Amino acid sequence: MSQKVLLNAKEINIILHRLACQLIENHNDFTNTVLIGIQPRGKFLANRLAAMLKDDYKIKNVQLGLLDITFFRDDFRRGEKTLEANTTEINFLVEDKKIVFIDDVLYTGRSIRSALTAIQSFGRPHEIELLTLIDRRFSRHLPIQPNYKGRQVDAINNERVKVNWVENEGEDAVYLVNN
Ligand SMILES: O=c1cc[nH]c(=O)[nH]1
């Protein structure tokens, strides 16, 4: 196995500030907007962006939820392992709101398709956007594209993009891993 650094901590920090500013440009004071991190890996990016919007850009109304998609995946019956669900925490109404889904890597698009199904049980949002740190181009199985992206990456099928966060892995970094 070999791995190459795609983004270091400084580059990630710059990208997070850009993404936060792009969100503010489109969502102003976030009165009608909610952020939803897609479990499990989207929660780290979602927490970071929500904290940055509050602390660095003084947005008071940032509402952040977490959405588990485990049993909404189209392949959930295929695996041999018992699946473990993550937490869903949405303590606000999504009816008529603008939702921004947040995930770390956009690959086939199947996780986002599952998230679109899962969110239906919470109401009918006005619109849903997608923000991703890494957009793996040319890997999509579904017609799903991000509205906001940190970095576009061309990776081939036996390569994997690995996103590490200080809170979980002890460092902020993105690697391209070749198995
Ligand atoms: O390369 C990939 C694809 C999906 N999810 C990841 O975390 N990395």
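Excluded from the calculations below are hydrogen atoms, water molecules and symmetry mates; all remaining heavy atoms, backbone and side chain alike, are included. A quick note: this is a predicted structure, and the numbers were derived from the prediction, not measured.
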Query raised in the report: Does one side chain, of Arg73 or Ser111, offer a donor that lies under 3.5 Å from an acceptor on the other?
Result: yes
Query raised in the report: Is there side-chain contact between Val161 and Glu159, with at least one heavy-atom pair below 4.5 Å?
Result: no
Report summary line: Result for side-chain contact (heavy atoms from CB on, under 4.5 Å) between Gln152 and one of Thr132, Asp135, Ile134 points to Asp135
Query raised in the report: What are the two closest heavy atoms between Phe122 and Val94, and how far apart are they?
Result: O-CG2, 3.3 Å
Query raised in the report: Are any side-chain N or O atoms of Arg151 and backbone N or O atoms of Leu133, one a donor and one an acceptor, separated by less than 3.5 Å?
Result: no
Query raised in the report: When you check the side-chain N and O atoms of Arg110 and Ser114, is any donor under 3.5 Å from an acceptor?
Result: no
Query raised in the report: Looking at Gly109 and Arg140, what are the two nearest heavy atoms and their distance?
Result: N-CD, 4.0 Å
Query raised in the report: For the residue pair Ala46 and Gly37, what are the closest heavy atoms and their distance?
Result: CB-CA, 3.7 Å
Query - Asn47 side chain to Lys43 backbone, donor-acceptor under 3.5 Å - result: yes
Report task. Without swapping roles, check the side chain of Lys162 against the backbone of Gln3 for a donor-acceptor pair under 3.5 Å. Result -> no
Query raised in the report: With the threshold set at 4.0 Å, does a side-chain nitrogen-carboxylate oxygen contact exist between Lys10 and Asp172?
Result: no
Requested in this report: Please report the closest heavy-atom contact between Ile59 and Asn28, naming both atoms and the distance.
Outcome: CD1-O, 3.8 Å
Query raised in the report: Between the side chains of Thr108 and His141, is a donor N or O closer than 3.5 angstrom to an acceptor N or O?
Result: no
Query raised in the report: Strictly by modelled atom types, are His126 and Glu95 linked by a side-chain donor-acceptor pair under 3.5 Å?
Result: no
Query - Interatomic distance, Lys60 atom NZ to Leu53 atom CG [nearest 0.5 angstrom] - result: 14.0 Å
Query raised in the report: Shortest non-hydrogen contact from Glu167 to Phe44?
Result: OE2-O, 4.3 Å
Report task. Please name the residue in the list Ile12, Val5, Asn8 that meets the side-chain contact (heavy atoms from CB on, under 4.5 Å) test with Val174. Result -> Ile12
Query raised in the report: If you measure from the Lys or Arg side-chain nitrogens to the Asp or Glu carboxylate oxygens, is any gap between Lys149 and Glu129 under 4.0 Å?
Result: no
Query raised in the report: Under 3.5 Å, is there a donor-acceptor pair between the side chain of Ser139 and the main chain of Arg137?
Result: yes
Requested in this report: For the residue pair Ile99 and Ile119, establish whether any side-chain heavy-atom pair is separated by less than 4.5 Å.
Outcome: yes
Requested in this report: Using distance alone, with no hydrogens and no angle criterion, decide if His17 and Tyr57 have a side-chain donor and acceptor under 3.5 Å apart.
Outcome: yes
Query raised in the report: Is Glu84 atom CD crowded by more than 12 heavy atoms from other residues, nucleotides or ligands, each under 6.0 Å away?
Result: no
Query raised in the report: Between Leu67 and Gln39, is a side chain to side chain contact (heavy atoms under 4.5 Å, CB included) present by the stated rule, with each step listed?
Result: CA-CA 6 Å; Leu67 182 63; Gln39 291 272 39; 5.9 Å; no
**Report entry** Rounded distance [0.5 Å steps], CD1 in Ile90 versus CD in Gln63
**Finding:** 11.0 Å
**Report entry** Gap between atom CG of Leu49 and atom CG of Leu131 - 0.5 Å precision
**Finding:** 6.0 Å
Requested in this report: Might you work through the side chain to side chain contact (heavy atoms under 4.5 Å, CB included) test for Leu130 and Val100, ending with a clear yes or no?
Outcome: CA-CA 6 Å; Leu130 173 62; Val100 183; over 6 Å; no
Query raised in the report: What closest approach, in Å, do Phe72 and Arg113 show between heavy atoms, and which atom pair accounts for it?
Result: O-NH2, 3.2 Å
Query - Residues Leu7, Ile15; criterion side chain to side chain contact (heavy atoms under 4.5 Å, CB included); working and verdict - result: CA-CA 10 Å; Leu7 295 174; Ile15 287 173; 3.8 Å; yes
Query raised in the report: Arg160 side chain to Tyr175 main-chain N or O, any donor-acceptor pair under 3.5 Å?
Result: no
**Report entry** Atom CG of Leu93: over 12 foreign heavy atoms under 6.0 Å
**Finding:** no
